[in-house]
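Let me begin by presenting the structure, written as structure tokens, before commenting on it.
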Number of protein chains: 2
Amino acid sequence: MTKNSYHHGDLADALLIAAEDELIEKGVEGISLRSVAKRAGVSHGAPAHHFGNARGLLTALAGKGYERLRAMQSREEAAAASEPRAKLIANGLGYIKFAMENRELFRLMFNSSVPDRHNEAFAAVSYAVFDKLISQTEAHTGHSPLRHEASMTELMASWSIVHGLAELIVSGRAELPLSLKDKSPETRDALIKAIIGQVNLSVDRS
Amino acid sequence: MTKNSYHHGDLADALLIAAEDELIEKGVEGISLRSVAKRAGVSHGAPAHHFGNARGLLTALAGKGYERLRAMQSREEAAAASEPRAKLIANGLGYIKFAMENRELFRLMFNSSVPDRHNEAFAAVSYAVFDKLISQTEAHTGHSPLRHEASMTELMASWSIVHGLAELIVSGRAELPLSLKDKSPETRDALIKAIIGQVNLSVDRS
DNA sequence: CACACGATCTTGACAATGACTAGATCGTTG
DNA sequence: CAACGATCTAGTCATTGTCAAGATCGTGTG
């Protein structure tokens with residue numbers, strides 16, 4: 001924990017924080033390993049020891065993003081009504097809110113081939129987000145999507161509309177049609193719910 | 001048109017073709033301007049004269065992608081039934097087919113910040129795709145989305161679910177849930193239609 | 001307490017890349 | 001046929017990611 005000397009003490013975390021700051025400032029295509037190291041106050045070769053290479057660092061950062069994505073979803077769910085469909089909508093709203101509040105991180109996670117999906121830790125946290133969707137869909141349809149094709153179709157419809165809207169907002173393509181920037185958080189959330197609510201209208205059709 | 005000499009004669013097109021080949025092989029993050037030039041058989045400085053910089057070249061390529069995307073949608077529409085909803089679904093199917101058959105190009109167009117949206121030609125061809133969606137939604141709802149909020153909500157729901165599913169397929173995230181690779185083109189298309197068909201169920205609710 | 005050892009970080013090197021510049025080459029137009 | 005502009009080449013520079021060798025630090029072991 002000695003902060004002044006040769007050894008940083010907590011460089012791995014410091015690098016992740018610096019990397020996210022750089023990511024926010026310069027975007028996915030503008031970030032560089034050397035500038036991240038400089039921002040963290042270490043030499044350009046230091047990150048290699050902790051993360052192997054640039055991809056390793058960004059995979060770790062993307063993994064942290066998945067954890068925060070899941071936390072955001074849990075927060076929205078807790079604030080929602082208890083019916084399965086309301087939970088499902090809340091889950092989607094959390095997904096989209098995370099995207100809006102973490103544009104570049106979201107782009108790193110979903111719009112790039114940078115994160116290494118074969119990385120164990122990364123695979124685990126990203127699957128956890130998917131797993132939440134599975135159980136919520138099961139609560140809604142009454143069947144496990146993994147064993148019931150119609151239920152999986154519903155799951156994919158939910159995921160697609162939520163992910164798609166998140167992408168369109170993050171990329172700026174939704175601004176012309178929706179003017180989200182001019183709207184209050186409340187009307188904005190209501191509009192998002194209205195859009196993603198156009199799916200998952202059926203219940204337990206077995 | 002003299003092909004053997006100092007002047008290529010048709011270098012701009014040749015570079016675009018070489019760029020797409022490179023894109024397919026190495027992906028959005030792996031493509032390099034110099035390797036594109038080498039593939040086209042010219043020096044590394046040649047592309048600058050035609051496209052300014054790397055971004056200019058890739059913006060032009062992405063623009064061509066939008067034209068092909070629109071062509072693919074028109075083809076699917078022509079093969080579909082005449083009801084507005086069938087046309088809308090066909091439009092979406094074309095969008096997703098384009099994505100599946102042109103993964104890296106789709107990623108360049110939608111998953112990167114590389115194309116310059118302020119480029120006039122690019123803005124025109126990309127808006128044309130959006131414009132088609134507008135008129136089809138109007139045919140479906142009976143109102144112009146640009147002047148009717150509920151209609152715009154429907155439009156965004158359509159676009160979101162289609163774009164989202166395309167993203168999930170292209171990124172490989174849909175493979176575990178759907179196993180598209182194991183399916184015949186017919187059952188694959190049917191499955192896609194079933195998913196994106198979970199939206200736009202209403203008609204003219206004014 | 002000393003010291004060896006591994007973990008951590010620095011430094012320097014290298015190849016690849018995008019951008020820029022000056023100059024060579026070509027076709028065209030007057 | 002002689003400018004002239006368009007096209008392409010070749011060289012240079014700064015930046016980047018990766019690697020290897022070495023310096024520094026903390027810790028456990030004798």
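Each chain gets a letter, A, B and so on, in the order its sequence line appears, and its residues count up from 1. In this text, all values refer to a predicted model and were calculated from it rather than measured experimentally.
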Distance-only polar pair, side chains of Glu22(B) and Ser35(B), donor-acceptor under 3.5 Å: yes

For atom CZ of Arg107(A), is the number of surrounding heavy atoms from other residues, nucleotides or ligands below 6.0 Å larger than 12? yes

Taking atom NZ as the centre, does Lys64(A) end up with more than 12 heavy-atom neighbours from other residues, nucleotides or ligands that are less than 6.0 angstrom away? no

Atom CG of Leu11(B) to atom C1' of dC26(C): distance rounded to whole Å? 14 Å

Neighbour count >12 (heavy atoms, 6.0 Å) for atom CD, Glu25(A): yes

Looking at DNA chain C, which of residues 104-118 of chain B put a heavy atom within less than 4.0 Å of it? none

Close residues, residues 13-25 of chain B, relative to DNA chain D [heavy-atom separation under 4.0 Å]: none

Enclosure of Glu29(B) CD (heavy-atom neighbours >12, cutoff 6.0 Å): yes

With a cut-off of 6.0 Å (strictly less than), are more than 12 heavy atoms of other residues, nucleotides or ligands near NZ of Lys193(A)? no

To check you understand the geometry: which heavy-atom pair defines the closest contact between Arg85(A) and Val199(A), and what is its length? NH1-O, 2.9 Å

CZ of Arg188(B): more than 12 outside heavy atoms within 6.0 angstrom? yes

Are there over 12 heavy-atom neighbours, none belonging to Lys183(A), within less than 6.0 Å of that residue's NZ? yes

Within residues 29-54 of chain B, find the residues that approach DNA chain C with a heavy atom at under 4.0 Å, and present them sorted by residue number. Ser32(B), Leu33(B), Arg34(B), His44(B), Asn53(B), Ala54(B)

The single option from Glu76(A), Arg75(A), Glu77(A) passing side-chain contact (heavy atoms from CB on, under 4.5 Å) against Gln73(A): Glu77(A)

